[in-house]
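Read through the structure below, which is laid out as structure tokens, and then see the notes.
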Amino acid sequence: MKFTVLHKDKNSSARTGIFATAHGEIKTPVFMPVGTGATVKAIHQRELAEDLDARIILGNTYHLYLRPGMEILEKAGGLHRFMNWSRAILTDSGGYQVFSLSAMRKLTSEGALFSSHIDGSKHMFTPENIVDIQRCIGADIIMALDECAPFPCDHRAAAKSIELTHQWLARGFERFSGTKPAYGHEQSFFPIVQGSVHPDLREASAKEIWKYPADGYAIGGLSVGEPEAIMYEIVKIVTDILPVEKPRYLMGVGTPVNLLESISLGVDMFDCVMPTRNGRNGMLFTRHGILNMRNNKWKDDFSPVDTDGTCFADHSYSKAYLRHLFISGEILGAQIASLHNLSFYLWLMSEARKQIEEGNFAEWKAVMVKQLARRL
RNA sequence: UCCUCAGUAGCUCAGUUGGUUAGAGCAUCUGGCUGUUAACCAGAGGGUCCUAAGUUCGAGUCUUAGCUGAGGAG
């Protein structure tokens, strides 16, 4: 897969680029909607392609392995065909589940032993089989198995953790290099930087993963509870080290402000559950600030959901109607809010690209950051 | 007319032999959510315990009368 940097911002590390995959071209910076279990929750594939023009979405190895399971995905001919999505897919390795489901797993030198959250059954994930599974899913981008350290994590524990992540990376890379794509199309493998909030460990980890030739590099283990200023500091340390000619993927981040700040630090790819999860829970992101659609104040506000919104739902429905849907527990509320939020996130990325190209990124970002933080 | 049962938060109801500041679910309002175990989670507001009198150190709880509702008898 080929990544080309197109424009570099003069005043920051922000850049635009284009990432060519077997399932289409992706303009960066890009936001990847999260579709953990072969669906971006509450969003139809047709909306994803036609209304949102999403070029790449995320799947999750742990969740897909448990359900529907590899036998079904293999019979289906891979995830693209199974879910009728012909554009790119990146699969998370399950490294985050090592963290978020820590109560039901055990780490060994071999890998991570999991109890399924669905039926309690035991499963072993190793750096090798997690590559095999992602090959079988047919992901365009395969993520290495890593350990996402919790916050806080002292230096000693974080040092031990990156040691494990680096060992797993070596094994995962070897498996990736020694195997072929399952369905004929090219697949890439992204290593992941860890090291918690410790600058020296992050630096060491970034230098370590750079040793492996890859189509892109990821920054993991952030936005797990640390102050945002520290997150930016760590992102900067890492992006200053990672090769400029490869895309940098900041995993799991974040708020609209997080995205703009990280873009200026040289990040190219993002994913986050926020637009979809918060949308399902009644929260809307707009260029003028955030709204809680459950609030009583919207009950007789018949203005459009978002006057400046870019998707049809923003102009087809009123705030009063959307509030009614949430208060009533109607499923359409979650659909409209998810569509709106993803539409906003993708607009924010395309606008950032435009501003970088035109050389106005810093000024535009300063204005946006103020607006985005407002509560409407 | 008589008998029985019931009356506690906006709604549906708990509330032990009388014993701290009367609770729950739902509803309402307000937060939170960052590589999804989440259409989820948390917090708050909300009370003339039908009314009045009595017994008691102390009554949502016991006694009497009344009011309202449901059912039954004639």
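The shown structure was predicted, so the numbers you read here are calculated from the model rather than taken from an experiment. So you know, we letter chains A, B, ... as the sequences are listed, proteins then strands, and number each from 1.
Taking the six-membered ring where the residue is Trp, A:Phe173 and A:Phe176 present tilted rings, their angle falling between 30° and 60°.
Within the shown strands, B:C62 is the pairing partner of B:G54 under the Watson-Crick or G-U definition, both distances less than 3.5 Å. Across all strands shown, B:G43 forms a Watson-Crick or G-U wobble pair with B:C29, both key distances being under 3.5 Å. If you check B:U68 for Watson-Crick or wobble pairing at under 3.5 angstrom, you find it paired to B:A6. When both pairing distances are held under 3.5 Å, B:A73 makes a Watson-Crick or G-U pair with B:U1.
Inter-residue side-chain proximity for A:Phe114 and A:Leu101 is flagged as met; some heavy-atom pair is nearer than 4.5 Å. Contact annotation: the side chain of A:Thr126 never approaches that of A:Leu145 to less than 4.5 Å [non-hydrogen atoms, C-beta and beyond].
The side-chain hydrogen bond (donor to acceptor under 3.5 Å, both in side chains) contacts involving residues 364-376 of chain A comprise A:Glu261-A:Lys365, where partners must be two or more places apart or lie in separate chains.
Taking atom P on both nucleotides, B:G47 is separated from B:C2 by 38 Å, rounded to a whole Å. Comparing the C1' positions of B:U16 and B:G74 gives a spacing of 40 Å, expressed to the nearest Å. Going from the P atom of B:G25 to that of B:C40 covers 16 Å, rounded to whole Å. Taking atom C1' in both B:G60 and B:A22, one finds a spacing of 7 Å when rounded to whole Å. Rounded to a whole angstrom, the distance from the P atom of B:G45 to that of B:G7 is 27 Å. B:U61 and B:U51: their P atoms are spaced 10 Å apart (whole Å). Annotation: B:G23 and B:U63 have their P atoms spaced 25 Å apart (nearest Å). When the C1' atom is used for both B:U17 and B:U12, the distance is 28 Å, rounded to whole Å.
Checking the phosphate oxygens (OP1, OP2) of B:U28, no side-chain nitrogen or oxygen of A:Asn296 falls inside 4.0 Å.
What separates NE2 of A:His324 from C1' of B:A27 is a distance of 15 Å, to the nearest Å. Regarding A:Ile327, its CD1 atom lies at a distance of 17 Å from the P atom of B:A39, rounded to whole Å. In this structure, A:Ile43 places its CD1 atom 13 Å from C1' of B:A39, rounding to the nearest Å.
Using modelled atom types and a 3.5 Å distance limit, the side chains of A:Ser188 and A:Asp215 yield a donor-acceptor pair.
The neighbour count for A:Glu351 CD, taken as heavy atoms of other residues, nucleotides or ligands under 6.0 Å away, is above 12.
For A:Arg55, the salt bridge (charged side-chain N to carboxylate O under 4.0 Å, His left out) partners two or more places apart in sequence, or in a different chain, are A:Asp53.
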Can you check each nucleotide of nucleotides 32-37 of chain B against protein heavy atoms at under 4.0 Å and return B for base, S for sugar-phosphate only, - for none, in 5' to 3' order?
-> BBBBBB
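Using a 4.0 Å heavy-atom cutoff across all strands shown, A:Arg323 reaches sugar-phosphate atoms only and no base atom.
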